[in-house]
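Input: a single structure, listed below in structure tokens.
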Amino acid sequence: MDSTAGSIVDFVVGDFNRDGKLDLVGGDCCITYVFLGNGDGTFQPTTTYQDVGGIDLQVGDFNGDGILDLAIEGGAENFPISVALGNGDGKFQPPVTITNADGGCGFGQTMLVSDFNGDGNLDIAFCTATSIGILLGNGTGRFRVRRITT
């Protein structure tokens with residue numbers, strides 16, 4: 001790990017390089033790390049994404065191509081929520097910021113992935129200090145933001 005980074009605060013698991021072995025993605029305030037599984041319980045650090053922190057990570061196929069993608073809530077100012085589409089080789093396209101979580105809503109899991117509107121596309125729910133938000137997916141990796149003030 002980069003010595004300037006903080007402690008990894010969240011992990012997700014999936015077969016990100018489609019080799020039949022589970023891989024890990026972890027994040028801290030400033031960096032997202034990809035660890036490809038060797039299939040024997042060990043992992044190799046292969047990729048880091050600088051300036052893309054993952055204080056909350058979620059996995060899903062957001063663009064319907066059968067390859068796992070990442071939803072990332074970063075620890076930078078305004079807590080950006082981004083989606084990084086998977087390439088299928090354990091690497092991801094540059095994350096695209098969808099919205100900001102405006103300071104987040106505390107510690108722990110702040111995003112959930114599901115099909116909240118029943119259209120067959122994955123959506124992302126998130127929270128801020130004053131609202132709940134839904135990022136409605138259109139199946140191409142793009143989202144529409146809806147906020148519900150609490």
Side-chain angles (χ1 to χ4, degrees), residues 1-18 22-36 43 45-150:
M1 269 198 303
D2 183 326
S3 61
T4 62
S7 299
I8 291 179
V9 295
D10 195 20
F11 271 112
V12 290
V13 64
D15 184 4
F16 298 106
N17 61 350
R18 302 186 301 170
L22 290 177
D23 309 309
L24 296 173
V25 174
D28 65 17
C29 70
C30 312
I31 301 172
T32 298
Y33 305 89
V34 179
F35 301 92
L36 296 181
F43 297 85
T46 58
T47 308
T48 60
Y49 294 91
Q50 302 289 327
D51 301 321
V52 181
I55 61 169
D56 189 7
L57 300 165
Q58 297 293 318
V59 176
D61 180 6
F62 298 114
N63 61 349
D65 64 359
I67 298 171
L68 292 177
D69 308 311
L70 290 175
I72 304 166
E73 182 178 341
E77 186 177 334
N78 294 325
F79 292 79
I81 296 176
S82 305
V83 170
L85 299 177
N87 294 332
D89 60 359
K91 296 181 181 173
F92 297 87
Q93 296 174 30
V96 174
T97 299
I98 309 300
T99 191
N100 291 317
D102 302 324
C105 60
F107 297 101
Q109 189 173 23
T110 58
M111 292 188 301
L112 296 172
V113 171
S114 190
D115 179 7
F116 294 108
N117 61 350
D119 66 357
N121 300 316
L122 287 179
D123 308 309
I124 303 168
F126 67 96
C127 57
T128 73
T130 60
S131 67
I132 301 294
I134 304 289
L135 302 175
L136 295 172
N138 69 4
T140 67
R142 297 186 186 271
F143 295 83
R144 186 169 42 111
V145 181
R146 299 191 56 120
R147 291 189 189 242
I148 306 161
T149 303
T150 55

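Everything quoted here is computed from the prediction, not taken from an experiment.
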Legend entry - Any V34 side-chain heavy atom under 4.5 Å of T48 side chain: no
Legend entry - Flag, side chain of D61 to backbone of G66, donor-acceptor distance under 3.5 Å: yes
Inset, instruction - Could you pull out the closest heavy-atom pair between D23 and F43, with the gap in Å? - result: CA-CE2, 4.1 Å
Legend entry - Rounded distance [0.5 Å steps], OG1 in T99 versus CD1 in I134: 12.0 Å
Legend entry - side chain to side chain contact (heavy atoms under 4.5 Å, CB included) between D115 and D123, intermediate numbers included: CA-CA 5 Å; D115 179 7; D123 308 309; 3.5 Å; yes
Legend entry - Over all atoms of both residues, closest heavy-atom pair of L136 and N117: CD2-ND2, 3.7 Å
Legend entry - Student check: side-chain heavy atoms of I98 and V145 closer than 4.5 Å: yes
Legend entry - Nearest-0.5 Å distance, CD1 of residue I81 to OG1 of residue T110: 6.5 Å
Legend entry - From V12, V13, I8, residue fulfilling side-chain contact (heavy atoms from CB on, under 4.5 Å) relative to L24: V13
Inset, instruction - May I ask you to decide if T130's main-chain N or O and T128's side chain share a donor-acceptor pair within less than 3.5 Å? - result: yes
Inset, instruction - For the pair F143 and F62, name the ring-plane relationship: parallel under 30°, tilted 30 to 60°, perpendicular over 60°. - result: perpendicular
Legend entry - S7 side chain reached by D28 side chain, heavy atoms, under 4.5 Å: no
Inset, instruction - May I ask you to test the I124-Q58 pair for a side-chain heavy-atom distance under 4.5 Å? - result: no
Legend entry - Pairs meeting criterion ring-ring contact (aromatic ring centres under 6.0 Å, His included) with involvement of residues 65-86, two or more places apart: none
Legend entry - 4.5 Å side-chain heavy-atom contact, F126 and D56: no
Inset, instruction - Provide the closest heavy-atom pair for G137 versus D119 in the form atom of the first, atom of the second, distance. - result: O-OD2, 3.6 Å
Legend entry - Distance-minimising heavy-atom pair for V9 and I55: CG2-CA, 3.6 Å
Inset, instruction - Kindly indicate whether the side chain of V25, heavy atoms from C-beta on, has any atom under 4.5 Å from the side chain of V59. - result: no
Inset, instruction - Apply side-chain hydrogen bond (donor to acceptor under 3.5 Å, both in side chains) to T97 and list each qualifying residue two or more places apart in sequence or on a separate chain. - result: S82
Legend entry - Shortest non-hydrogen contact between G141 and L85, atoms and distance: CA-CD2, 4.3 Å
Inset, instruction - Kindly give the heavy-atom pair with the smallest separation between E73 and A101, and that separation in Å. - result: OE2-CB, 3.6 Å
